[in-house]
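Quick one: the structure is below, questions incoming.
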2 protein chains.
Amino acid sequence: MVELSTTKDGIPNQAEASDRVLQILSEAGRLFATKGYDGTSMRDIAVACGISKSLLYHHFSNKDEIYARVAVGSTLELYLFVRDRVPDGPPSQKIRAFMVATAEYFRRYRWAWIASTTAFWNDPDRHRQKERLTRRDRFENFLRGLIQEAIDAGEIRKVDVPMTGRLILSSLNWMHRWYNPNKSATPEQIADIFFDMVFNGLRSGDAAGSPPAETLKSSRRKARQTPRS
Amino acid sequence: MVELSTTKDGIPNQAEASDRVLQILSEAGRLFATKGYDGTSMRDIAVACGISKSLLYHHFSNKDEIYARVAVGSTLELYLFVRDRVPDGPPSQKIRAFMVATAEYFRRYRWAWIASTTAFWNDPDRHRQKERLTRRDRFENFLRGLIQEAIDAGEIRKVDVPMTGRLILSSLNWMHRWYNPNKSATPEQIADIFFDMVFNGLRSGDAAGSPPAETLKSSRRKARQTPRS
DNA sequence: AGCGGGCTTGACCGGCCGGTCGGTGAAAAT
DNA sequence: ATTTTCACCGACCGGCCGGTCAAGCCCGCT
């Protein structure tokens with residue numbers, strides 16, 4: 001038996017992989033996410049796993065394949081993951097569920113998520129880049145559909161749909177830069193707060209909509225100590 | 001006279017630098033922004049400038065110094081740039097001015113902005129990382145102060161101030177990933193739209209606040225064709 | 001006991017990396 | 001007229017990069 005890594009952060013959709021492969025993907029994901037693709041050498045990955053560099057090439061054909069398994073494997077089913085968590089109901093609540101589900105995906109597959117969204121946002125591999133954009137489009141179109149639904153239902157005003165989608169995705173996509181898993185709210189709670197702010201607006205005056213389903217407990221703390229954006 | 005680069009994208013705060021140095025900084029910024037720090041070699045920069053690699057070392061002591069001039073030089077005065085463009089008036093309008101000014105900075109110093117916010121978000125140089133965090137804190141604290149002002153003035157409801165700041169900065173910080181300078185709205189217009197959405201909210205029902213000062217002209221286009229987030 | 005085969009290794013490769021060095025030619029200073 | 005200065009270059013360096021390879025180790029099977 002091999003002694004495995006301490007950080008078994010999830011890499012999605014790797015059902016039939018061996019422990020060793022899962023360990024490599026996990027460590028590689030963490031390294032890609034923190035140091036970038038070019039900043040992570042095969043030696044780095046090998047050392048992090050406590051194995052020889054050659055063994056990496058026994059399980060994977062090259063560095064790119066490791067990255068592909070981490071990144072593509074992670075974004076592969078984001079759309080399905082989120083879609084399955086958006087229940088029937090008022091369109092606005094579907095948007096909220098969309099945001100919370102995306103946040104849950106971020107929490108569960110954090111390193112893979114960061115690795116896939118930061119390294120290679122200009123991917124030199126044309127085919128892979130095209131494939132990623134296709135998936136991203138499908139994901140974003142799904143959100144735009146929900147927004148359009150909410151407009152048609154009269155729940156939200158006639159805003160610019162693509163721009164609204166970008167605002168919502170911005171709030172989720174930027175989260176990895178300031179989120180600290182050891183502090184305060186979970187990603188799902190944060191997504192819920194963001195939905196409340198965007199849906200109901202910051203402006204005071206009218207009774208400002210329903211409060212978030214679950215509000216975070218410790219929102220009172222010194223501004224100095226909270227993580228930055 | 002030397003034949004200079006075609007893309008003279010701004011690198012701020014380089015007043016007394018020679019043409020050649022400005023050219024190097026400009027090309028390096030563009031490369032760092034598109035291919036990352038590790039993905040950009042000194043040879044790449046030299047070739048992009050049409051000069052020899054040695055000449056880079058004549059003008060700069062090493063690769064890190066080039067990056068520092070690009071990144072630190074750009075974030076150096078973001079706070080001052082924005083502060084000077086936030087006029088007296090209702091706090092909510094100061095927040096809007098904050099967002100529009102940040103967007104203007106992004107438009108003017110696009111590559112430098114991207115290079116400084118993407119490459120090295122985990123900077124191995126501890127001192128420089130600390131300095132950047134300090135500047136980032138000052139910038140973010142300024143925004144939090146404006147939000148608190150707006151709450152105290154009763155213009156916006158009692159939201160979580162740090163979280164609200166993160167939402168606003170997310171919308172601005174993520175913009176470089178989908179903004180296309182050849183299409184539709186300027187960054188300033190986008191910031192204005194985002195402010196409207198966040199301030200007034202998406203929810204319909206009440207007459208939804210004042211429209212943005214300048215609304216973009218061509219918001220009607222096929223969803224397929226608009227850039228993604 | 002013998003054996004096949006997957007897991008694992010260390011030594012090694014060509015190439016690109018950031019960085020150095022001695023030198024050149026032309027303008028500026030003396 | 002000579003020296004100094006300075007932008008600029010080609011050749012080169014040690015080291016790390018991604019990747020290869022032949023060989024050992026260890027296991028269950030016969």
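Sequence lines set the chain letters: A, B, ... in the order given, protein chains first and strands last, and positions in each chain run from 1.
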Q.
With hydrogens left out and only the distance checked, is there a donor-acceptor pair under 3.5 Å joining B:Lys53's side chain and the base of C:dG19?
A. yes
Q. When we call it a touch if two heavy atoms are under 4.0 Å apart, what does B:Thr40 touch: a base, just sugar-phosphate, or nothing?
A. sugar-phosphate
Q: Output yes when at least one side-chain N/O atom of A:Arg20 is less than 4.0 Å from OP1 or OP2 of C:dG6, else no.
A: no
Q: Just call it for A:Ser41: base, sugar-phosphate, or nothing, with non-hydrogen atoms closer than 4.0 Å on any strand.
A: sugar-phosphate
Q. Closest to the A:Ile51 side chain: C:dT20, C:dT9, D:dC8?
A. C:dT9
Q: Could you state the atom-to-atom distance from CG of B:Asn62 to P of C:dT20 in whole Å?
A: 8 Å
Q | Residue whose closest nucleotide on DNA chain C lies nearer the 5' end, A:Gly50 versus A:Arg43 | A | A:Gly50
Q: Report the nucleotide, chosen from C:dG19, D:dG19, D:dA7, that has the shortest atom-to-atom distance to any side-chain atom of B:Lys63.
A: C:dG19
Q. When the distance from NE2 of A:His58 to P of D:dG19 is rounded to whole Å, what number comes out?
A. 17 Å
Q: Measure from the side-chain N and O atoms of B:Arg177 to the backbone N and O of A:Thr117, and report whether any donor-acceptor pair falls under 3.5 Å.
A: yes
Q) Should the ring pair B:Tyr37 and B:Tyr67 be called parallel, tilted or perpendicular, given that the plane angle runs from 0 to 90° and is split at 30 and 60? A) perpendicular
(Q) Side chains of B:Ile95 and B:Phe195, heavy atoms from C-beta outward: is any pair under 4.5 Å? (A) yes
